2 protein chains.
Amino acid sequence: MGLTKTDLFTENQNEIAMLAKAIAHPARVAIIEYLLKVNACICNDIVNELPLAQPTISQHLKELKNAGIIKGNIEGNAICYCINEPVFSKIQGLFQPMQLIQNKCC
Amino acid sequence: MGLTKTDLFTENQNEIAMLAKAIAHPARVAIIEYLLKVNACICNDIVNELPLAQPTISQHLKELKNAGIIKGNIEGNAICYCINEPVFSKIQGLFQPMQLIQNKCC
DNA sequence: TTTTTATATTGCAATATTACGATATAGAGT
DNA sequence: ACTCTATATCGTAATATTGCAATATAAAAA
């Protein structure tokens with residue numbers, strides 16, 4: 001198979017999984033960290049920043065964009081990527097509602 | 001290929017990606033939520049709780065255990081799974097250090 | 001000791017992800 | 001128009017993930 005049965009889970013569970021998946025690669029973590037650090041929209045400095053080929057980075061950027069974590073604006077012949085604040089905030093608070101009261105064993 | 005080049009990234013970036021990957025499936029999100037809800041170690045109630053076959057759930061539990069998010073204690077012929085508090089807390093705070101000061105564009 | 005219950009492992013098919021060379025596209029500069 | 005720069009897409013190979021039937025294991029119950 002290899003096909004996740006999304007219809008068997010709640011919308012919330014699928015959303016958490018989807019956002020986590022977008023972050024589940026060190027290159028994408030690096031891209032997010034870089035965009036946060038430079039605090040501005042960065043075009044293809046990312047290609048020079050990361051030790052991966054340009055098509056690979058373009059692919060990772062696409063996945064982050066699909067997840068809504070970043071957004072990109074066309075700026076001349078370059079593209080200006082930056083963090084999409086609302087979604088990033090949502091990620092930061094993703095596990096806050098989950099509270100472990102107390103473990104009865106282990 | 002299909003092989004993530006972990007050696008090209010920092011230990012921290014790889015750890016974030018690894019933890020995110022463990023959460024990047026709705027069934028595993030559901031397992032975590034269930035373990036938090038019942039607030040106790042639950043054995044194979046999870047198999048009855050989730051609409052997936054027993055081997056599939058066993059596999060997901062293994063991945064969560066490998067990531068350190070849950071732990072399991074043998075209790076008779078059953079196994080008692082529960083949230084591994086320190087790692088779960090780490091996940092909750094994973095993105096807190098990342099701060100978006102201000103977007104200069106977009 | 002046989003059976004039942006709980007869980008793990010194996011093996012396999014379907015699908016997804018990762019990475020990148022080659023190539024396409026499109027605006028900017030000349 | 002031509003070239004350069006920035007980015008996306010295509011195609012493809014290698015590998016990983018998902019899901020489950022079949023089977024193994026091991027303690028509990030009968």
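Below, read A as the first sequence line, B as the second, and so on, with proteins coming before strands; counting in each chain starts at 1. This is a predicted model, so every value here is computed, not measured.
For A:Asn84 (side chain) and A:Ile69 (main-chain N/O), no donor-acceptor pair under 3.5 Å exists by modelled atom type. The backbone N or O of A:Cys80 sits nowhere less than 3.5 Å from a side-chain atom of A:Asn73 that would complete a donor-acceptor pair. Side-chain atoms of B:Gln13 never come within 3.5 Å of backbone atoms of A:Val29 as a donor-acceptor pair (strictly under, hydrogens ignored).
Contact detail for B:Ala67 and B:Leu19: the closest heavy-atom pair is O-CD2, 3.7 Å.
If B:Ala27 and A:Gln54 are placed on DNA chain D by their nearest nucleotide, the residue sitting closer to the 5' end is A:Gln54. Nearer the 5' end of DNA chain D, as judged by each residue's closest nucleotide, is the contact made by A:Ala78, out of A:Gln59 and A:Ala78. Where B:Lys65 and A:Gly76 each meet DNA chain C at their nearest nucleotide, the meeting point lying more 5' is that of B:Lys65.
B:Tyr81 has a side-chain polar atom (N or O) that falls below the 4.0 Å cut-off from OP1 or OP2 of C:dA8. Residue B:Lys21 places none of its side-chain N or O atoms closer than 4.0 Å to OP1 or OP2 of C:dT17. An OP1 or OP2 oxygen of D:dT18 is reached within less than 4.0 angstrom by no side-chain nitrogen or oxygen of B:Thr56. B:His60 has no side-chain polar atom (N or O) that falls below the 4.0 Å cut-off from OP1 or OP2 of D:dT17.
Here the side chain of A:Lys5 is nearest to one of C:dG21, D:dC20, C:dT18, namely D:dC20.
The CZ-P distance, from A:Phe9 to D:dT18, rounds to 11 Å in whole Å. Atom CG of B:Leu50 and atom P of D:dT18 are 14 Å apart (whole Å). The distance between atom CD1 of B:Ile79 and atom P of D:dA27, rounded to the nearest whole Å, is 11 Å. The CG-C1' distance, from A:Asn77 to D:dA6, rounds to 5 Å in whole Å. Residue B:Met18 contributes atom CE, which lies 13 Å from atom P of D:dT17 at whole-angstrom precision.
Using a 4.0 Å heavy-atom cutoff across all strands shown, A:Ile74 reaches no nucleic acid atom at all.
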Could you tabulate the donor-acceptor pairs under 3.5 Å formed by side-chain atoms of residues 50-62 of chain A, not counting sequence neighbours?
unit_1	atom_1	unit_2	atom_2	d
A:His60	ND1	A:Arg28	NH1	2.9

